[in-house]
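Chain naming here is simple, since letters A, B, ... match the order of the sequence lines and numbering starts at 1 in each. Values below: every heavy atom of this structure, side chains too, minus hydrogens, waters and symmetry copies.
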2 protein chains.
Amino acid sequence: MSDQLSQTFAALADPTRRAILSKLSLGEANVSDLAKPFLKEMSLPAVTKHLKVLEKAGLITKTKEAQWRPCKLNAEGLKDVSDWMEPYKAFWEESFDRLDEYLKTVTNKKKKRKSHGNKK
Amino acid sequence: MSDQLSQTFAALADPTRRAILSKLSLGEANVSDLAKPFLKEMSLPAVTKHLKVLEKAGLITKTKEAQWRPCKLNAEGLKDVSDWMEPYKAFWEESFDRLDEYLKTVTNKKKKRKSHGNKK
DNA sequence: CGGTTAATTAACTAATAAGTTTAATATAAA
DNA sequence: TTTATATTAAACTTATTAGTTAATTAACCG
């Protein structure tokens, strides 16, 4: 995996971790607060591990306050994802470019054949 | 992992797969075309597997044309990612809401302390 | 038909991920 | 100083992922 963006995507590829981020978007929270909604499904150390994944991906920051570890959302890491997505937006925001590209390749590929209008 | 969005994020958590999507954004391509840039680093079956991951995530569609398998970008799956990101955008597009939330939690947490204006 | 090209399948290995339970650390509070 | 609370660490298990090589399928072409 290795690279930063891959690490970020991998961190987001888990519903528990996404729920944690969502919670943190409302403000700081410490580990046991964040864990509470999941303690029926998994143990506290499991949540700690999820937090570590998020931290390594740079999506949250953990600080110290007595025996608590307040966590804070670090949304700049999400910006990298957003930037990566940018060029693809044209594909779902109705775009002429998209259709353009598509048709170009189709006509190239099927130049030698006669039927080129019956596939879906 | 299980859910759709997680599967999509997981599929994106690999630079080879992202490169494949990028290539496909320029138009259809069959498997060996897509594999070509990676054949120094990995085998053809490895690429086949990456394509399968992308296909299962709904990010590409593979069709049949004689012995070729033209692949096409399916960017609607990326829209789901984009939608998920939406609420977080406020955090990096300089937003008053964000600062607002942040300060609220900070002042709550540090009510008993005196210094609460020297963080960043 | 026989060979070539395109792609997949099968069987396997090694590394990583996600969870567990038990134990340890550190701070606060009585 | 003891006890309770918050969190992490260690050791382990199981499942999944990413890759390999060798074999197979399928379609085309001379």
Side-chain angles (χ1 to χ4, degrees), chain A residues 1-3 6-20 23-24 28-57 59-72 109-115, chain B residues 1-3 6-20 23-24 28-57 59-72 109-113:
Chain A
M1 193 223 292
S2 75
D3 68 297
S6 296
Q7 213 171 333
T8 303
F9 274 124
L12 296 175
D14 182 286
T16 303
R17 290 196 288 262
R18 291 197 304 276
I20 288 172
K23 178 81 178 226
L24 286 177
E28 284 190 18
N30 58 41
V31 176
S32 42
D33 288 342
L34 290 171
K36 197 167 296 172
F38 307 110
L39 292 181
K40 295 116 197 168
E41 311 155 25
M42 72 184 71
S43 68
L44 185 60
V47 177
T48 293
K49 283 190 178 185
H50 281 304
L51 291 174
K52 190 146 289 181
V53 172
L54 290 169
E55 200 178 13
K56 279 192 181 167
L59 291 170
I60 69 170
T61 311
K62 225 181 299 183
T63 54
K64 298 192 180 187
E65 187 129 359
Q67 70 263 56
W68 294 277
R69 298 289 174 273
C71 301
K72 200 179 89 179
K109 282 273 154 67
K110 301 203 174 167
K111 199 154 275 174
K112 36 194 148 180
R113 309 181 139 243
K114 29 206 154 168
S115 79
Chain B
M1 193 222 293
S2 75
D3 68 297
S6 296
Q7 213 171 334
T8 303
F9 275 125
L12 296 175
D14 181 288
T16 303
R17 290 195 288 262
R18 290 197 304 276
I20 288 172
K23 178 81 178 228
L24 287 177
E28 282 190 21
N30 57 42
V31 176
S32 42
D33 288 342
L34 291 171
K36 198 166 294 170
F38 307 110
L39 292 182
K40 295 116 196 170
E41 311 154 27
M42 72 184 68
S43 68
L44 185 61
V47 176
T48 294
K49 283 191 178 185
H50 281 304
L51 290 174
K52 190 146 291 183
V53 172
L54 290 169
E55 200 179 12
K56 278 190 182 167
L59 291 170
I60 69 170
T61 310
K62 224 181 299 183
T63 54
K64 297 192 179 188
E65 186 129 358
Q67 70 264 56
W68 292 277
R69 297 289 175 274
C71 301
K72 200 179 89 178
K109 282 272 153 67
K110 300 204 174 166
K111 200 154 273 175
K112 35 193 148 177
R113 306 176 144 248

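Atom-to-atom, CD of B/Q67 to C1' of D/dT24 comes out at 16 Å; the value is rounded to the nearest Å. Rounded to whole Å, atom P of D/dT8 lies 14 Å from atom CH2 of A/W68. One can place NE2 of A/H50 at 16 Å from C1' of D/dT7, the figure rounded to the nearest angstrom. Atom pair B/E65:CD and D/dA27:P shows a separation of 13 Å (rounding to whole Å applied). What separates CZ of A/F38 from P of C/dA18 is a distance of 14 Å, to the nearest Å. When the C1' atom of D/dA6 is taken as reference, atom CG of A/L34 falls 13 Å away, rounded to whole Å. Taking atom CG of residue B/D14 and atom C1' of nucleotide D/dT17, one finds them 10 Å apart after rounding to whole Å. Between B/K49 atom NZ and C/dA10 atom P there is a gap of 11 Å when expressed in whole angstrom units.
The phosphate of D/dT8 (OP1 or OP2) has a side-chain N or O of A/K62 nearer than 4.0 angstrom. For A/K52 and D/dA9, the shortest distance from a side-chain N or O to OP1 or OP2 is below 4.0 Å.
When the nearest nucleotides of DNA chain C are assigned to B/V31 and A/R69 by heavy-atom distance, the more 5′-ward of the two goes with B/V31.
With contacts defined as side-chain heavy-atom distances shorter than 4.5 Å, the pair B/W68/B/D33 does not qualify. Side-chain contact check for B/T63 versus B/K72: every heavy-atom pair is 4.5 Å or farther apart. For the pair B/L24/B/L59, no side-chain contact is recorded, criterion being any heavy-atom separation below 4.5 Å from C-beta on.
Non-hydrogen atoms lying under 4.0 Å from DNA chain C are contributed by A/E41, A/M42, A/S43, A/P45, A/A46, all within residues 40-48 of chain A.
Atom CG of B/L34 sits about 9.5 Å away from atom CG of B/L54, to the nearest 0.5 Å. Rounded to the nearest 0.5 angstrom, A/H50 NE2 and A/I60 CD1 are separated by 12.0 Å. Distance check: B/K49 NZ to B/M42 CE gives 11.5 Å after rounding to the nearest 0.5 Å.
Contacts of A/R18 classified as side chain to side chain contact (heavy atoms under 4.5 Å, CB included), with partners at least two apart in sequence or in another chain: A/P15, B/D3, B/L5, B/S6, B/F9, B/W84.
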